[in-house]
Participant: 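Structure incoming, see below.
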Amino acid sequence: MTSDLTKIYDHRTIEKELYEWWEKEGFFAPEKSKELGITNEKSERYCITIPLPNITGQLHSGHALVLSLEDLMTRYERMRQKETLYIPGTDHAGIATQNVVVRELLKQGINHKDLGREKFVEKVWEWKHKYHARITEQSKSMGISCDWSREYFTLDPSLSRAVREAFYRLYHKGLIYRGEYMVNWCPGRCVTAISDLETEAIDEQGHLWYIKYPIITKAWKGPQHPWASGKWAQGATDFIVVATTRPETLLGDSAVATVKSHPKYAKFIGKQAVIPAVGRSVPIIADQFVDPEFGTGALKITPAHDPNDFEIGKKHNLEFINIFNENAQILPGFVEAYSGLDRFECRKAILKDLETEGLITDIEPYVHAEPHCQRCHATIEPRVSIQWFVKTKPLAEPAMEKVRNGETVIIPERERRRFFQWMENIHDWCISRQLWWGHRIPVWYCDECCEEICPEPDVETVSTCPKCKGSSVHQDEDVLDTWFSSGLWPYSTLGWPNTDHPDYKRFYPTDTRETGYDILFFWVARELMMGIELTGKTPYHTVYLHGMIRDEKGRKISKSMENIDQYDPLIIIKDFGADSLRYVMISNSVPGLDTNYDPKNIDVAHKYCNKIWQASRYVLTNITSDEIVPKIDEIELDKLKFPDKWILSRLNSLIRDVQSYMDNYDYLRMTREIKSFFWSEFCDWYIEMSKIFLYDESYSDKHVQKAILLHVLETFYKLMHPVMPFITEKLWQTLPDNLKTTPTIMYAPWPIAQESFIDPTIEDSFLLMADFVREVRRVKHDFGIPLKTLVPLQIETETHRELFELCKNELVKIAFIDEDKFIIDKKIVPPPKSARIVLRGIPAFVPLAGMIDIEKEKTRINTSLEKAKKESIKIEKKLQSQFSERAPKELVDKERQNLEELKFKIEQLEDQLKIL
RNA sequence: GGGCCCGUGGUCUAGCUCGGUAUGACGUCCGCUUGACGUGCGGAAGGUCGUGCGUUCAAAUCGCGCCGGGCCCA
């Protein structure tokens with residue numbers, strides 16, 4: 001085996017090439033595992049669907065985490081010999097995409113409204129074709145093993161068909177309805193209704209204005225002078241004062257409400273108040289909703305522009321007066337001067353006029369939460385309009401049941417509580433959007449008899465009314481909320497509604513939904529609700545929620561940040577490789593918790609890659625091309641040396657631990673333990689000790705160590721492959737052919753711990769030996785003796801004699817001991833001018849005649865003596881307290897033993913001081 | 001208003017469910033090495049675990065209060 005590995009690890013030369021090869025060979029498709037004879041119909045299978053990115057999107061740090069985790073899960077399951085499918089795809093992202101294209105067109109001087117619906121949608125498709133490649137190429141650079149032959153887009157014909165099917169079924173079951181309700185209207189860039197979830201409340205520093213409404217009396221029948229003349233309310237004697245944060249909405253007031261118990265205003269109930277500016281007379285009503293403590297205890301009621309007033313309006317059968325157009329500008333017909341004004345301009349104008357009329361009695365600063373559009377940040381305008389809704393309560397209950405009974409598990413568990421809290425208080429879901437880009441609502445209206453027609457899902461267009469046979473019908477203008485189609489994702493990508501589709505039969509329900517906790521409600525909740533309703537099954541058994549990626553100080557990563565490049569996954573991949581990025585993402589990820597991404601971790605990861613590369617080079621350069629190294633199960637067990645047994649024990653312990661970490665989604669520990677094994681045990685100790693054998697001309701059983709080196713490497717590659725797919729594949733491919741049973745490491749069987757190799761005694765003995773090596777090195781260091789200068793060593797032990805005989809060779813070589821002067825005896829007379837070491841109750845001496853500086857040794861001994869004394873006092877105190885009576889016996893015994901060992905050490909060191 | 005998360009050496013971080021000597025990384029300092037390692041190895045310094053009280057033989061860990069940072073829902 002010749003190694004063609006470059007001297008330095010260079011991700012650039014391997015990642016792209018390998019990904020192309022994987023794709024070309026079709027390794028990502030589940031069919032491949034069958035073809036290779038790894039799986040069959042009876043095999044377990046694993047399926048995960050990608051959290052579909054927006055078609056307009058660019059790969060950002062959030063995606064990097066998503067893709068790292070999901071590909072980790074996928075590759076792991078694939079290596080566990082399951083038939084594995086990871087489905088990629090993209091989302092048409094209604095509002096987001098429409099906004100982007102509208103803006104782009106505007107740059108070209110084109111108004112999308114002039115273009116018309118059809119032409120505009122064509123433009124968006126052009127845009128889609130152009131940008132689709134960008135996000136998929138970027139995703140591929142992460143190394144994800146998606147089956148690209150099964151890539152979907154939410155507007156694909158098959159997925160649109162699924163959307164119509166879902167709509168049809170829910171509609172005819174009465175779970176989708178159309179009606180006039182108050183919705184969140186975004187009058188900013190989006191100009192559409194949006195769902196509750198798409199709004200966010202922001203505290204606004206506003207004001208509470210106290211406004212006087214005159215009351216009709218016998219003496220005053222209404223305003224006699226024009227608005228803003230200063231004499232509008234002249235002659236009025238009775239007033240009711242309301243407090244409001246939105247004075248401009250008074251144009252749409254249709255009542256004033258107070259409570260029956262109001263000391264001042266109760267007597268006005270039943271009378272008529274006159275709305276300023278418009279001069280309309282409205283009733284003064286009583287309603288429990290009014291909080292007598294708030295403001296003046298009287299409330300202006302604007303049923304068409306406030307959610308609470310909407311309810312009151314319905315209850316009292318009030319008039320719903322819409323005062324705004326779709327951009328929240330004042331409609332004509334109220335007050336000429338305000339017509340066409342933006343709501344905030346109107347507010348200013350109306351306040352000025354109210355002032356003129358002397359109708360403002362007070363102004364207080366007031367902080368209140370105002371809903372904003374999550375996407376364009378415009379202040380939401382509550383608006384009454386005809387929209388489509390999903391009735392969610394009947395859907396929520398079964399979804400909650402699946403989570404309650406564990407058919408779907410949410411990780412981390414605490415997110416369950418959030419899930420239930422939201423589901424229990426769920427509101428109906430507004431699914432219609434006043435956009436052009438998306439799935440058009442599959443409902444037609446007859447122009448003659450007004451019949452509402454929701455045809456069979458195979459019908460793509462309706463031309464005659466089934467009721468009156470009229471031929472003048474038109475389709476609903478609105479499109480569906482994007483989340484309606486993404487809510488079907490786990491099965492619309494598997495051929496649903498065709499339940500005989502082989503993919504559906506084989507892979508549904510899927511296994512995992514991996515996504516950020518921020519979209520638990522947007523997506524997961526709806527997938528569960530719709531999935532259970534439409535397929536009768538929960539769409540996946542595990543919901544794994546990860547946290548957000550933030551910068552190293554915990555701030556949100558945004559495009560406007562300084563040094564944004566260092567957080568840009570595309571740049572990171574280019575400079576350090578996807579393996580490094582994936583490693584940082586995975587090794588820092590704890591379920592449900594935010595991760596602070598520190599750019600310097602990427603260096604650490606990159607160095608790790610290089611270390612892996614270098615260790616591999618060492619092993620492979622020590623094996624010649626014509627050499628046949630036996631496999632691990634072919635070597636003679638009696639030829640195993642102490643370090644061999646140790647590393648095999650450690651390796652199998654590691655495999656066992658990794659398995660448990662994987663089972664518990666503890667990726668942080670998994671990566672940490674593997675790294676620590678690889679670097680601090682395999683490289684630092686085993687490889688170093690292997691040199692003793694490999695460089696020894698007279699040693700004839702080198703194949704044993706070579707076999708173990710290769711075995712450990714191969715196992716390590718496999719354990720790390722789900723995390724770092726590229727470097728592990730590259731290096732695995734360079735291993736001798738007899739070790740490989742599959743064409744790619746992707747299908748190599750996941751390691752299983754061989755308990756017979758695990759030997760805690762060997763592991764412990766090794767630690768003791770390593771401690772001795774360290775101590776001898778330290779002695780040399782303290783006396784300025786070069787590391788490689790051979791020194792004598794005398795160990796006084798009877799109980800551990802066997803162990804030291806066992807590792808004598810290695811100890812002598814690594815610690816640079818003079819082999820002829822290495823003595824193990826049950827009694828050692830402390831040699832003069834020597835350094836003394838005490839470890840675990842075993843004293844040892846390093847005679848250093850001619851090299852030792854007595855004063856230095858005194859200082860050295862004193863330092864460790866002090867430390868030992870301090871420690872022993874602490875333990876003594878503890879043992880004298882109630883600890884020894886009340887604590888468990890094992891603990892007390894352990895402390896006693898510790899104390900004894902320390903006392904022995906102190907004795908030894910004091911003795912050393914005496915004889916110096 | 002209700003709920004959730006977080007606060008650990010200079011920096012970031014593990015541990016908290018299940019109480020018993022606080023993990024790792026970066027950085028700093030000292031030394032060694034360069035025939036796998038654009039480096040690597042060895043060693044050192046550095047923490048009253050936000051704060052107060054309580055429970056306990058024993059608290060980073062459990063309970064209550066407070067302070068600070070963030071998030072979600074209303």
Side-chain angles (χ1 to χ4, degrees), chain A residues 3 5-10 196-197 199-201 307 369 371 412-427 517-518 520-521 547-548 550-556 584 587-590 592-622 666 668-669 671-673 675-676 679-680 683-685 687-688 690-691 694-695 709 713 773-782 784-788 814-815 863 871 874-875 877-888 890-892 894-895 898:
Chain A
S3 162
L5 298 180
T6 52
K7 196 156 185 294
I8 301 298
Y9 159 69
D10 179 13
D196 294 346
L197 272 179
T199 69
E200 55 189 0
E413 210 189 318
R414 107 181 80 83
E415 294 292 328
R416 272 168 63 104
R417 252 174 298 167
R418 258 181 79 222
F419 174 79
F420 283 121
Q421 200 184 328
W422 189 76
M423 291 292 265
E424 279 158 13
N425 299 301
I426 198 164
H427 299 289
Y517 62 71
D518 55 332
L520 175 63
F521 307 139
M548 304 295 109
R550 299 173 179 282
D551 79 354
E552 68 274 25
K553 298 274 180 233
R555 293 168 297 210
K556 255 185 193 154
V584 172
S587 64
N588 286 295
S589 157
V590 176
L593 289 186
D594 292 350
T595 303
N596 294 353
Y597 172 86
D598 191 335
K600 64 188 179 223
N601 285 339
I602 200 79
D603 275 318
V604 176
H606 193 256
K607 275 191 183 141
Y608 184 23
C609 290
N610 188 50
K611 184 77 178 178
I612 296 168
W613 193 262
Q614 297 305 337
S616 308
R617 282 186 69 224
Y618 163 78
V619 174
L620 295 165
T621 49
N622 273 295
D666 192 346
L668 189 138
R669 265 197 199 70
T671 48
R672 191 188 275 203
E673 292 268 302
K675 186 180 178 188
S676 149
W679 203 310
S680 313
C683 291
D684 289 353
W685 290 96
I687 285 191
E688 288 313 312
S690 77
K691 289 175 182 172
L694 297 191
Y695 293 165
L709 285 166
L713 266 190
V773 172
R774 280 194 202 101
E775 282 303 314
V776 171
R777 283 179 182 164
R778 190 200 296 261
V779 165
K780 289 191 189 182
H781 174 260
D782 287 351
I785 301 164
L787 180 67
K788 291 190 173 172
I814 309 174
T863 311
E871 185 65 20
K874 209 170 135 192
I875 297 179
K877 267 193 182 161
K878 192 170 176 182
L879 285 170
Q880 279 159 17
S881 72
Q882 298 205 49
F883 172 78
S884 34
E885 293 145 46
R886 303 229 186 165
E890 312 89 76
L891 273 173
V892 179
K894 207 178 152 197
E895 285 296 4
N898 283 344

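All chains are named by letter (A, B, ...) in the order of the sequence lines, taking the proteins before the strands, and each is independently numbered beginning at 1. Just so we're clear, the structure is a prediction, and the values are computed from it rather than from any experiment.
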Participant: Can you check the distance between B:A58 and B:G70, where both ends of the measurement are the C1' atom (answer in whole Å)?
Facilitator: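 Pairwise C1' distance, B:A58 against B:G70, rounds to 34 Å.
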Participant: What is the distance from CD of A:Gln882 to C1' of B:U55, rounded to the nearest Å?
Facilitator: 15 Å
Participant: Check the distance between B:C72's C1' and A:Asn425's CG and give it to me in whole angstrom.
Facilitator: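 The answer, rounded to whole Å, is 13 Å.
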Participant: Could you walk me through whether A:Arg418 and A:Gln421 pass the side chain to side chain donor-acceptor pair (under 3.5 Å) test, one step at a time?
Facilitator: CA-CA 5 Å; A:Arg418 258 181 79 222; A:Gln421 200 184 328; over 6 Å; no
Participant: Rounded to whole Å, please give me the gap between CG in A:Asn596 and P in B:A25.
Facilitator: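 Distance, rounded to whole Å: 19 Å.
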Participant: Take the protein atom CG of A:Leu520 and the nucleotide atom C1' of B:C72, then report the distance between them rounded to whole Å.
Facilitator: 11 Å
Participant: Given the P atoms of B:G27 and B:C62, what is the spacing between them in whole Å?
Facilitator: 33 Å
Participant: If pairing requires Watson-Crick or G-U wobble contacts with both distances under 3.5 Å, which nucleotide is the partner of B:A44?
Facilitator: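 The answer is B:U28, by the H-bond criterion.
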Participant: Determine the minimum heavy-atom distance between A:Thr199 and A:Pro371, stating which atoms define it.
Facilitator: CB-CB, 4.4 Å
Participant: Measure the CG-CH2 distance between A:Asp10 and A:Trp613 for me, rounded to the nearest 0.5 Å.
Facilitator: 8.5 Å
Participant: Using 0.5 Å steps for rounding, measure from the NZ atom of A:Lys607 to the CH2 atom of A:Trp679.
Facilitator: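 Going from the NZ atom of A:Lys607 to the CH2 atom of A:Trp679 covers 8.0 Å.
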Participant: Sort out the partner of B:G1 for me: Watson-Crick or G-U wobble, both distances under 3.5 Å, none otherwise.
Facilitator: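 Paired with B:G1, as far as the under-3.5 Å criterion goes, is B:C73.
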Participant: Using a cut-off of strictly less than 4.0 Å, decide whether A:Arg774 has a side-chain nitrogen or oxygen near OP1 or OP2 of B:G43.
Facilitator: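 For B:G43, OP1 or OP2 has a side-chain N or O of A:Arg774 closer than 4.0 Å.
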Participant: Can you tell me how far the NE2 atom of A:His606 sits from the CG atom of A:Asn601, to the nearest 0.5 Å?
Facilitator: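 It is 14.5 Å, given to the nearest 0.5 Å.
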Participant: For A:Glu871 and A:Thr199, find the nucleotide of RNA chain B closest to each by heavy atoms; which residue's nucleotide sits nearer the 5' end?
Facilitator: A:Glu871
Participant: Roughly, in whole Å, what's the span from CG in A:Asp594 to C1' in B:U13?
Facilitator: 14 Å
Participant: Taking the same atom, C1', in B:U13 and in B:C53, what whole-Å distance lies between them?
Facilitator: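 Taking atom C1' in both B:U13 and B:C53, they lie 29 Å apart.
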Participant: Does NZ or CZ of A:Lys691 lie under 6.0 Å from the centre of the six-membered ring of A:Tyr618, at an angle within 45° of the ring axis?
Facilitator: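 Because its charged atom sits under 6.0 Å from the ring centre and within 45° of the axis, A:Lys691 does stack over A:Tyr618.
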Participant: Select one nucleotide: of B:A44, B:C5, B:G40, the one nearest the side-chain heavy atoms of A:Lys607.
Facilitator: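 Nearest listed nucleotide: B:G40.
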Participant: Find every protein N or O atom lying less than 3.5 Å from an N or O atom of nucleotides 33-37 of chain B, and list the pairs.
Facilitator:
| unit_1 | atom_1 | unit_2 | atom_2 | d |
| --- | --- | --- | --- | --- |
| B:A36 | OP2 | A:Tyr695 | OH | 2.9 |
| B:A36 | O2' | A:Gln614 | OE1 | 2.4 |
| B:A36 | O2' | A:Arg617 | NH1 | 3.3 |
| B:A36 | N7 | A:Lys691 | NZ | 3.2 |
| B:A36 | N6 | A:Glu688 | OE2 | 2.9 |
| B:A36 | N3 | A:Gln614 | O | 3.2 |
| B:A36 | N3 | A:Ala615 | N | 3.4 |
| B:C37 | O4' | A:Gln614 | OE1 | 3.1 |
| B:C37 | O2' | A:Asn610 | ND2 | 3.2 |
| B:C37 | O2 | A:Lys611 | NZ | 3.1 |
| B:C37 | N3 | A:Lys611 | NZ | 3.3 |

Participant: At 4.0 Å (heavy atoms only), tell me whether A:Arg672 reaches a base, stays on the sugar-phosphate, or touches nothing.
Facilitator: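 The answer is base, as A:Arg672 lies within the cut-off (heavy atoms under 4.0 Å) of a base atom.
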Participant: Tell me: CH2 of A:Trp685 to P of B:G40, nearest whole Å?
Facilitator: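 Rounded to the whole Å, the gap is 18 Å.
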Participant: Please measure how far the C1' atom in B:G15 lies from the corresponding atom in B:C32, and state the result in whole Å.
Facilitator: 34 Å
Participant: What is the distance from CG of A:Asp598 to C1' of B:G10, rounded to the nearest Å?
Facilitator: 13 Å
Participant: Relative to the 5' end of RNA chain B, which residue comes earlier, A:Glu895 or A:Asn588, by the nucleotide with the nearest heavy atom?
Facilitator: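 That would be A:Asn588.
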Participant: Just by distance, do the side chain of A:Asp594 and the backbone of A:Met548 share a donor-acceptor pair under 3.5 Å?
Facilitator: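 Indeed, once roles are kept as given, a pair shorter than 3.5 Å links the two residues.
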Participant: So, A:Arg669 and A:Asp666, do they make that salt bridge, N to O below 4.0 Å?
Facilitator: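 Yes, charged N to carboxylate O under 4.0 Å.
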Participant: Among B:C4, B:U11, B:A44, which nucleotide has an atom closest to any side-chain atom of A:Arg778?
Facilitator: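 Looking only at side-chain atoms, A:Arg778 lies closest to B:A44.
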Participant: Tell me if the CD atom of A:Glu413 is crowded by more than 12 foreign heavy atoms within 6.0 Å.
Facilitator: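 Not more than 12 within 6.0 Å, no.
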Participant: If we take the P atom in both B:A14 and B:A25, what is their distance in whole Å?
Facilitator: 15 Å
Participant: Using the P atom as the reference point in each nucleotide, state the distance between B:U23 and B:G68 in Å, no decimals.
Facilitator: 32 Å
Participant: Can you tell me how far P of B:C32 sits from NZ of A:Lys780, to the nearest Å?
Facilitator: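 After rounding, the gap between these two atoms is 14 Å.
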Participant: Distance check, C1' atoms only: B:G50 and B:G31, in whole angstrom units.
Facilitator: 38 Å
Participant: Between B:A44 and B:U56, how far is it from one P atom to the other, in whole Å?
Facilitator: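 That atom pair is separated by 40 Å.
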Participant: Categorize A:Lys874 for me: base, sugar-phosphate, or nothing, with a 4.0 angstrom heavy-atom threshold over every strand shown.
Facilitator: nothing
